[in-house]
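A quick write-up on the structure given underneath.
Note that the structure is predicted; figures quoted are calculated from it, not measured. In what follows, every chain begins at residue 1, and chains take the letters A, B, ... in the order their sequences are listed.
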Amino acid sequence: MGLDTTQRGRYWDNDTAMKTYDAIIIGAGHNGLTNAAYLAKAGLDVLVVEKNDYIGGASVSREMQEGWIYSSCSYVCSMMRQTIHRDLNLTRHGLVLVPYLGTVSYGDRGETLISYTSEEVNYNALRRHSPHDADAMFRLHTDLARYAQLIRKTLLRTPPDPTSFRPRDIKELLWLAKEFWALGEKELYEYIRFFTMSAADFLEDYFETDLIKAAMASAGIIGTALGVQSPGSAYILLHHVMGDVDGNIGAWGLARGGMGAISNSIAGALKELGGEVRTNAGVEQILVKNRKAVGVVLENGDELTAGIVVSNLDAKRTFTQCMDKNDLPEGIYEKAKNFKIRGSSGKVNIALSAMPKFTGVPDNRYVDRGGHNFVGSLETMERAYDCWKHGRWSDDPFIEAVIPSAWDPTVAPPGKHWMSNFVQYCPSKLADGPWTPEKRDQFGQTVIDKIERYSPGFKDLIVHMEIRTPHEIEAEIGLTEGNIFQGELTIDQLLFNRPFPGYAQYRMPIKNMYMCGSSTHPGGGVSSACGANAAREILMDLKRGNTVPEDDCYDE
Amino acid sequence: MQQYDTIIIGAGHNGLVCATYLAQEGQRVLVLEASDTPGGLAATREFFPGFKASVAHTVSHFSAKVARDLKLAVHGFDSATAPMPTVGLNSAGEHIVLSGTGAEAEINGVSAEDATSYRGYRQLLQRFAELLEPFWLKTMPRVGDTRLSSLLTFAQLGLKLRLLGKQDMGEFMRVATLPARDLMDENFDSELLKAMLSWDGLIGSKMAPRSPNATVLALLYRMSGELGGAHAIPVGGIESLIGALNSAAASTGVEVKTGARVGRILIEGSEDGLRATGVELANGEQIVAGRVVSSADPQRTFLQLLGVEYLEIEFSNRIRRLRCEGYVAKLHLALDGVPNFEGLAKPDGRMIIAADMDAIEFAYDDAKYGNYSQQLVMEILVPSLHQESLAPAGKHVLSAHIMYVPHKLKGGWTEEARAILVQLAIDTVAIYAPAIRAQILHSELLTPLDLEQIHNVTGGHWHHTEFSADQLLMMRPTYEAAQYSTPIPGLYLCGAGSHPGGGLMGGPGHNAARQILG
């Protein structure tokens, strides 16, 4: 992005070094940019500072090999709030979302399960495995859709503080209670069950075929340091199916041009609204005077002053690395230190000279335009988690692969392809000492060895590989431990507990300081909801008119 | 001819508690017990000539209210015993000892920092436990119930939460679902201390230190009551509790029939629907009664004794899917003398073998796949030091809980698999008490499968069904059966599979009786 002077807007230069911004946002990830855009829309003079020489954070497209554009970190889009998409006019700024088609799940014994978007075809595919499970899939999808519907309504709302007596909190609590009450008694119990169970136990209620359970359970572990048998993983499953693409609920999509298209389009909207983005501007420290945030000191020593400071960094990094412990009220440093943000996944991006062929899968362009989930079985996935507990990467990992070039010609040269592999589990700290480039490459080797098992000849197609362990993700993107959600999605860190009890409403313990990253409600996933919610709270404090739209929750 | 108002299936402590409460109100009550002795998992058995043991040896949170109401002191139960210390065993003899309760709680063997943290940790958890305590002896109302008494229960909970104050209320709602591991890591440095404190949140369940959602609740549940989570052996042993319950029952006119296995629950249908009218014993004898109350576990009650044909399918599915697999095995050793644990003057405490939380976690990992771990974690006691009648003079009994041992072992519970596990368990104890091997006169291993067969508990599960967040409170064992009544009029539950759950507490028996009496 950098300093593009053809756009309307104010850009930082030496002459204005002493100017005071209305707001400085730390980190140009999608939430930081969204937050800035809504503040700018209200007429605030905003600056987004970004440590890298590119914007986007974990929602980024980068050309790592000539001709190949990788979505280096996040790789699918489903949670992006459509109301924000429309409100910021992201399509005009270049965002095109393409729905994801089928997914192939691979079992340990080479068996495959192909899921299709057509209900009838999907039903028949499931019947090949189990007629019982084919019927149960309808039941599961109906149930998940219902569960998701309620949570979806909370995404663009600020969680109430249950310990507060302020009218606004009580009103919001009552709203939540009313929504839950409206479910009816039986449904409420099912909700509690669902929120607290493990994905494996939850799916036991539906299916008999292990591969189908494993395929469905995979969403329950993505990005988290829990296994399919850990209580709480059923909720994470929901977190991955509550999105929507173009009104198609539960669907996943790809951003044309890679995930960077999302950040770039929000940045485009921000600039049009008069906001400013400065890259190569890592923040050394948040400046606090008289218990008020007053600006930031950059890594190059520059001091920037602002009326408010908004951190899009994770809660742990914000308080334990970017602030002076003495500036913090008692107990906050400890809360931040104890904030659970565990690295559990790696990413391997591979440039391919041709489309790989997978055994057990018909040669079909439809199938290519979807995902390849190397799940194995519930036990294989659980054992992969056990490796993580022991401080090593899984020797037989769970891999969620996508080949975006199958339907997006802009991300690879003609006839060539690129493959995104999300890999679990991979710890941020190894039991046998720090990460080294050699260990990183061994991790990558484990991944391609596994894919080769399902796609003989795969290795010969590899043109280039980008291997990212939690260590690389943290070093480049700044996500502590490489956790993709900026903090575990467990009940103790959800809703009014996110990131800490008492600070879930985007205001931080220092006056004039806010948070807008995925460490806040509703958590990770490229949704832009955290950034938008934080903007609404900030504008309320500044007594400015609200610019953040309400969510358009349609009933199914 | 209807001879009884109520038939109670099972003479475990909950069955006896429920029976006595009902009889106190004038009901004619018959308790039917399949075994030859009452007491369920707390019944004392001779496992070797002259040596006796029971699965549950200690009390920790037996309800003081139940003891008072049933006048158990008059019947020979002396609860005023000093709690025993909990000892975290260390292979170098540097043990950690927790002793006393309440304000006199002490900790030895840790750094000054951990000792300070421990006091703060105990105080906070004690506050939370006190908040929840009244609700263990209350029926948890249905969520949709708008009767005044039910609304009051919810209002009381809300009020108690608010009264914690902003800070602690927020902390309660965060901590309530934390995995043991995070709670311990936040508070302590000593690995051994973390392991021994997390133990009480995990034992008896299929949860490990990294499992979220139910561990802290299990800890708080066990911390309710006068001992604050510590354990004690009653003056006359656990038999004195079972004896007192039995005698209290008899004094109110309850009939307890042992060796009377119930074969099925009798159901009658009329234009008003189904109704439980009595039971048929395994020998074919039919006994009718106004109602049937089962202290057997929910799966046994509904699937075996009742039969799914009488149940609506969604309900029976939920019962079928209750997680009821036990993961604790019991080891009993008959010893020639007092075992000598290095670094301990006298092994009269509750000794926990788990070097760190990973040891517990990894033992659990093995059990997940149907194996027992090569690195066992255990809780051991020498109950005969507190109660001489358990062994001949000068001899002793060692009683141990071994985790995690699956009910369904891969390859089955063969003689060989048992022999290996016994050897492994003895080797584990011998790390801390090397001379013990020469003292062993006899050993007995009870796997969860054995517990199931001896005590008629599905899966050999201590708590009848898993103590997990989705099977607690108004969802224990499942909704539509969580208020002790069941979808079948005249059939009630009063066992550990109902709220508040397992452990020697008497809560389910008490609550069920109150619910029945209305």
Side-chain angles (χ1 to χ4, degrees), chain A residues 161-165 180-181 183-198 200-202 204-205 225-227 229-235 331 334-335 337-338 340 378-379 382-383 385-391 488 490-498 500-504, chain B residues 142-145 158 161-162 164-179 181-183 185-187 206-217 314 317-318 320-321 323 357-358 361-362 364-366 368-370 466 468-475 478-480 482:
Chain A
D161 178 355
T163 69
S164 143
F165 288 102
F180 273 100
W181 197 257
L183 294 169
E185 185 188 358
K186 199 174 137 190
E187 196 76 345
L188 250 170
Y189 294 125
E190 293 295 342
Y191 241 88
I192 305 172
R193 264 164 64 77
F194 177 71
F195 265 87
T196 54
M197 285 175 94
S198 75
D201 287 335
F202 173 68
E204 196 67 36
D205 284 5
L226 294 176
Q229 288 200 21
S230 307
S233 51
Y235 168 73
E334 286 67 30
K335 280 183 201 258
K337 202 175 71 145
N338 290 335
K340 282 186 283 179
L378 281 177
E379 180 170 333
E382 185 68 23
R383 285 190 187 274
Y385 173 49
D386 292 348
C387 292
W388 179 89
K389 289 188 195 171
H390 286 268
E488 289 283 319
T490 46
I491 296 177
D492 55 297
Q493 299 192 156
L494 281 178
L495 215 68
F496 43 75
N497 284 336
R498 194 168 183 90
F500 331 120
Y503 299 98
Chain B
R142 296 174 70 129
V143 181
D145 192 345
L161 273 171
R162 289 276 181 163
L164 281 176
K166 198 174 172 62
Q167 195 80 21
D168 283 357
M169 177 183 172
E171 189 64 0
F172 177 79
M173 287 193 294
R174 183 185 75 93
V175 164
T177 59
L178 272 188
R181 189 181 175 103
D182 296 337
L183 182 68
D185 279 343
E186 285 179 9
N187 284 287
K206 193 193 178 187
M207 291 188 290
R210 285 188 190 273
S211 310
N213 291 356
T215 320
V216 174
L217 282 174
E314 276 192 12
N317 273 349
R318 290 203 300 278
R320 196 178 283 125
R321 289 187 192 115
R323 299 189 297 287
M357 292 189 290
D358 271 347
E361 187 75 35
F362 297 156
Y364 158 80
D365 284 345
D366 292 315
K368 282 190 300 196
Y369 310 115
E466 190 66 22
S468 58
D470 59 303
Q471 298 183 173
L472 281 182
L473 303 172
M474 61 280 275
M475 303 180 64
T478 174
Y479 56 91
E480 296 177 317

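- With rounding to the nearest 0.5 Å, the separation of CD in B:Glu314 from CD in A:Glu190 is 7.5 Å.
- Within the 4.5 angstrom heavy-atom criterion, only side-chain atoms of B:Met475, from C-beta onward, approach chain A.
- Among A:Glu334, A:Arg193, A:Lys337, A:His390, the residue making the largest number of heavy-atom pairs under 4.5 Å with chain B is A:His390.
- Of the atoms belonging to A:Asn497, it is side-chain heavy atoms, and not backbone ones, that fall under 4.5 Å from chain B.
- Under a cutoff of 6.0 Å and an axis angle of 45°, B:Arg162 and A:Phe165 form a cation-pi pair.
- Considering only heavy-atom pairs separated by less than 4.5 Å from chain B, the leading option among A:Trp181, A:Tyr385, A:Phe195 is A:Trp181.
- Within the model, atoms NZ of A:Lys335 and CZ of B:Arg174 stand 7.0 Å from one another, a figure rounded to the nearest 0.5 Å.
- At a 4.5 Å heavy-atom cutoff, the contact between B:Arg142 and chain A is made by backbone and side-chain atoms alike.
- Looking at A:Glu204, only its backbone comes within 4.5 Å of chain B, counting heavy atoms on both sides.
- Heavy-atom distances place the side chain of A:Phe496, and not its backbone, under 4.5 Å from chain B.
- Scanning all heavy atoms of the two residues, the minimum distance from B:Val143 to A:Tyr189 falls at N-OH, 2.9 Å.
- A 4.5 Å side-chain heavy-atom check between B:Arg210 and A:Ser230 finds every atom pair outside the cut-off.
- Side chains of A:Lys340 and B:Leu178 form a contact here, defined as non-hydrogen atoms less than 4.5 Å apart.
- Between A:Thr196 and B:Asn213 the shortest heavy-atom distance is O-ND2, 3.1 Å.
- Ranked by heavy-atom pairs shorter than 4.5 Å toward chain B, the options A:Ile491, A:Asp201, A:Asp205 are led by A:Asp205.
- For A:Glu382, the parts lying near chain B are the backbone and the side chain together; criterion is any non-hydrogen pair under 4.5 Å.
- Top candidate by heavy-atom pairs under 4.5 Å with chain A, chosen from B:Leu161, B:Asp185, B:Asp470, is B:Asp470.
- Here CG of B:Asp182 is found 6.5 Å from CG of A:Asp492. Values are rounded to the nearest 0.5 Å.
- Heavy atoms closer than 4.5 Å to chain A are found nowhere in B:Glu480, neither backbone nor side chain.
- Neither the backbone nor the side chain of A:Phe500 comes within less than 4.5 Å of any heavy atom in chain B.
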**Prompt:** Taking it one step at a time, do A:Glu185 and B:Met474 satisfy side chain to side chain contact (heavy atoms under 4.5 Å, CB included)?
**Reply:** CA-CA 11 Å; A:Glu185 185 188 358; B:Met474 61 280 275; over 6 Å; no
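- Residue B:Phe172 does not touch chain A at all, counting heavy-atom pairs closer than 4.5 Å.
- Taking CD from A:Gln229 and OG from B:Ser211, the interatomic distance works out to 9.5 Å, rounded to the nearest 0.5 Å.
- Within the 4.5 angstrom heavy-atom criterion, only side-chain atoms of A:Leu226, from C-beta onward, approach chain B.
- Residues B:Lys368 and A:Lys389 come closest through the heavy atom pair NZ-NZ, 3.8 Å.
- Scored by the side-chain contact (heavy atoms from CB on, under 4.5 Å) test, A:Asp161 finds A:Thr163, A:Ser164, A:Asp169, A:Gln505, B:Lys166 as partners (sequence neighbours excluded).
- Considering every non-hydrogen atom in both A:Pro501 and B:Gly170, the closest pair reads CG-O, 3.6 Å.
- Rounded to the nearest 0.5 Å, atoms CD1 (A:Ile192) and OH (B:Tyr479) are 10.5 Å apart.
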